[in-house]
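Inspection log for the structure reproduced underneath, given as C-alpha cells.
Position 1 is the first residue of the sequence, and the numbers go up from there. For clarity, every value in this text was computed on a predicted model and none was experimentally measured.
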Amino acid sequence: MEKLLTKLKESVSSVLPIAVIVLILHFTIAPVPDGTLALFLAGTILLIIGMGFFTLGADISMMPMGEQIGAQLTKSRRLGLLVACCFAIGILITIAEPDLQVLADQVPSVPNATLILSVALGVGLFLVVALLRILFQLKLSWLLLLFYGAVFLMAVFTSPDYLAVAFDSGGVTTGPITVPFILALGIGLSSVRGGKSSHDDSFGLVALCSIGPIMAVMIMGLFFDPSSSAASTETPVVSGLASMLRLLGHGLLDYAQEVAVALSPIVLFFLIFQFAALRLPKSKLIKLAVGVVYTYVGLVIFLTGVNVGFLPAGHYIGAAIGSSGTAWLLIPLGMLMGFFIVAAEPAVHVLNNQVEDITGGSISRNSMLVCLSLGVAVSIGLAMLRILTGLSIWYLLVPGYAIALLLTFFVPPIFTGIAFDSGGVASGPMTATFLLPFAMGACEALGGNIMTDAFGIVAMVAMTPLIAIQIMGVIYRVKLTVTERQESRKLAFDMAVEAAKAQLIADLYADNYYIDLEEETDPLIHGYLMNYGELSFQKGE
C-alpha cells in the first residue's frame, strides 16, 4: 500500500500541471463547454489513479517478466528460436497496443486492420534486428544511420499525405504496454550476453522498433489513395451527469477488453517459458500475478481517462484558439503544454527509472525528465508553427534527424540508446489523444490540411528528444573530462607536495638540523621523521 501511495503522489505531480493549464485556458481565452470540462476533470482523476496502478504494476511484473524471457531466450543459444520468438513477440504486442488503435481511428482511407497489421510486421522485423545487434555486438549508431538513411530515401517516393502519418506511427507504436516489456527484454538479453558493453546494449531496442512502422506505413501508402476521404475528430456531446457516466462506463468496458487482449500475449509467452524452462517459485509467481493485475487495472483506468476525458477537450481548445484572432498563441501555449504533458506519459517514468537503475544514478530520472520536457516543448512549438504556416514536415525532420544522427558519434554509446528510446517513449497516449486532437482542432479552424499539417505532431515529439538527450550526453562527457583533468592535476600536485616535504626532511638531516619529533604537528612530516628516526637508530647514529 505504501508503494501504491508513493506512485499516486508521483502521478498527481505529473498530471496536475496540464490540468491547471487547461483550466486556465477555460477561464480565459478558450471556454470549454460544461459537459466537456466535466469529462476532462473526471478524466484527470482517472489518469492519476490509472498511472499510479500502472507504474507500480510495471515495476512488479512487466519488467521482471521481460527480463526473464530475454535472459532465457539468450541462454538457449538457438538463433532460429531467438529470431522466431522475437518476431512473434513484436507482432503480438504491437497489434494490441492501444496507442496504435487511437492513431488508426484518426487516419482516413486506410482500414484500421491494414494499418495495424503493417505496423506490427514492421515492429516484429526490427525487434529481430535489435536482437541480432546485441548478439553480434553491432554498433547502434551505424545501424541508426543506415536505417534512417533508408527511411528518408523511401520518403522521397511517399505521398505527402502519408509521410507525417508514417513518422507518427513510429512514435505511437512504442506505448505503455510495448515499452516496459521491450526495455526489460533488452536488459535480459544483454545481461546474459555480458561484456563491457552490456549496459549500452540494454538500450536501443525501442529505438530500432520505432523505425519498422515508419517503413511499413510508407510501403502501405503506395496502395491507398489519401484523397479518398478526410480526417476528422468527433467530440462526444455531454448533456448531464448521466450522459457523462454513460460515456465513462462505455470507455471502461471497451478498454477492459482491449487491455485484456493487449496483455494476454505477454502473459502467455511468460507462462510458456515458465513451464518450459524458468520454473520460478510459487511465491515469485504470485507476486508477478499481482503486478499483472495492477498493470491491467491501471491501464484500463488510464486509457479511459485519456481517451474519453482528454481527447474532446484537446480538440475543442485547439479549435477555439485557432479560430480566435490570436492564433499565434498556439505556439507558446503548445510549448507550455508539451513541457508538462510528457510527465504524464506512463512509459516515460518506466524508462527514466530504468535509466537511473542501469547507470547507478549517474543519469538521474529527474535530469532525464527535464531534458525530455524541454525537447517536447520545442517539438510542439514547431508543430504549431507548421499548422500556422503550412510548412512541410520535410524541412524539420530532415535537419532534425541529421543532427541527431551526427551527435551519435560524439556522445557515449549509452546516451545514443537512451536518446533514441526516449523518442518513442515520449510520444505515448497523452500525445496521441490530447496533443494530436489539439493540433487537428486548430488545423480545422484555420482551414489547413489535416493530413499534412496536423499529423506529424507525434513525429515531432518523437524526434526532439533524440537531440535533447544526446546534448545532455555531450555535456556529461565534457563534465566527465573536466573532472578527470581536475583530479589528475590534484593528484600530481599532491605528489609534488609530498616529494617536496620528503626532500625538505632529507635536507634538514643532512645539515644536522634538530627537529623535535614530539612537537612536530604536520602529520606528513611527523611520519617521515618517524621513518628517519628509526633508520638513524638502526645505524647507531
Side-chain angles (χ1 to χ4, degrees), residues 8-51 233 235-238 241 244 247-248 302 305-346 348 369-370 372-385 387-388 426 428-446 454 457 460-461 464:
L8 288 172
K9 288 178 183 178
E10 291 176 358
S11 300
V12 170
S13 62
S14 299
V15 177
L16 200 58
I18 190 66
V20 170
I21 291 171
V22 170
L23 288 175
I24 291 173
L25 291 175
H26 166 69
F27 288 112
T28 53
I29 60 174
V32 179
D34 292 341
T36 303
L37 182 64
L39 265 183
F40 175 80
L41 294 175
T44 300
I45 295 171
L46 293 177
L47 224 67
I48 291 170
I49 298 171
M51 187 187 296
T233 300
T235 55
V237 177
V238 181
L241 179 61
M244 184 182 76
L247 283 169
L248 292 172
F302 177 86
V306 77
N307 283 280
V308 179
F310 273 59
L311 190 150
H315 184 273
Y316 192 90
I317 291 173
I321 298 174
S323 59
S324 69
T326 55
W328 60 269
L329 284 174
L330 286 169
I331 295 176
L333 288 174
M335 293 182 72
L336 185 64
M337 287 190 288
F339 182 87
F340 288 108
I341 209 166
V342 71
E345 293 286 5
V348 165
L369 185 58
V370 170
L372 282 173
S373 297
L374 290 171
V376 173
V378 172
S379 67
I380 302 302
L382 292 173
M384 294 301 108
L385 179 66
I387 291 173
L388 290 170
M430 289 296 292
T431 303
T433 57
F434 185 79
L435 292 179
L436 179 57
F438 176 79
M440 293 175 76
C443 193
E444 287 175 358
L446 291 166
I457 189 169
M460 296 302 300
V461 170
T464 48

For a side-chain contact (heavy atoms from CB on, under 4.5 Å) check, start with the C-alpha distance between Val306 and Leu46, then their side-chain angles and the critical distance, and finish with the verdict. CA-CA 8 Å; Val306 77; Leu46 293 177; over 6 Å; no
Over all atoms of both residues, closest heavy-atom pair of [X] and [Y]:
X: Glu345; Y: Met51; result: N-CE, 4.4 Å
X: Ala445; Y: Gly322; result: CB-C, 3.8 Å
X: Thr464; Y: Val376; result: OG1-N, 3.9 Å
X: Ile457; Y: Leu435; result: CD1-O, 3.6 Å
X: Phe340; Y: Pro17; result: CD2-CB, 3.3 Å
X: Cys443; Y: Ala454; result: CB-CB, 4.0 Å

Spatial distance of atom [atom1] ([X]) from atom [atom2] ([Y]) [nearest 0.5 Å]:
X: Ile21; Y: Leu336; atom1: CD1; atom2: CG; result: 3.5 Å
X: Ile331; Y: Ile321; atom1: CD1; atom2: CD1; result: 12.0 Å
X: Phe310; Y: Asn307; atom1: CZ; atom2: CG; result: 11.0 Å
X: His26; Y: Thr28; atom1: NE2; atom2: OG1; result: 9.5 Å
X: Leu47; Y: Phe302; atom1: CG; atom2: CZ; result: 4.5 Å
X: Phe438; Y: Leu330; atom1: CZ; atom2: CG; result: 5.0 Å

Just by modelled atom types, is the Ala19 backbone N or O under 3.5 Å from a matching donor or acceptor in the Thr44 side chain? no
Within a strict 4.5 Å, meaning less than it, do heavy atoms of the Val370 and Ser373 side chains meet? no
Is any side-chain heavy atom of Leu23 closer than 4.5 Å to one of Leu41? yes
Could you tell me how the ring of Phe434 sits relative to the ring of Phe40: parallel (under 30°), tilted (30 to 60°) or perpendicular (over 60°)? tilted
Hey, mind stepping through Ile48 and Leu16 against side-chain contact (heavy atoms from CB on, under 4.5 Å) and telling me if it holds? CA-CA 9 Å; Ile48 291 170; Leu16 200 58; 5.6 Å; no
Evaluation steps, side-chain contact (heavy atoms from CB on, under 4.5 Å), between Ile380 and Met460: CA-CA 7 Å; Ile380 302 302; Met460 296 302 300; over 6 Å; no
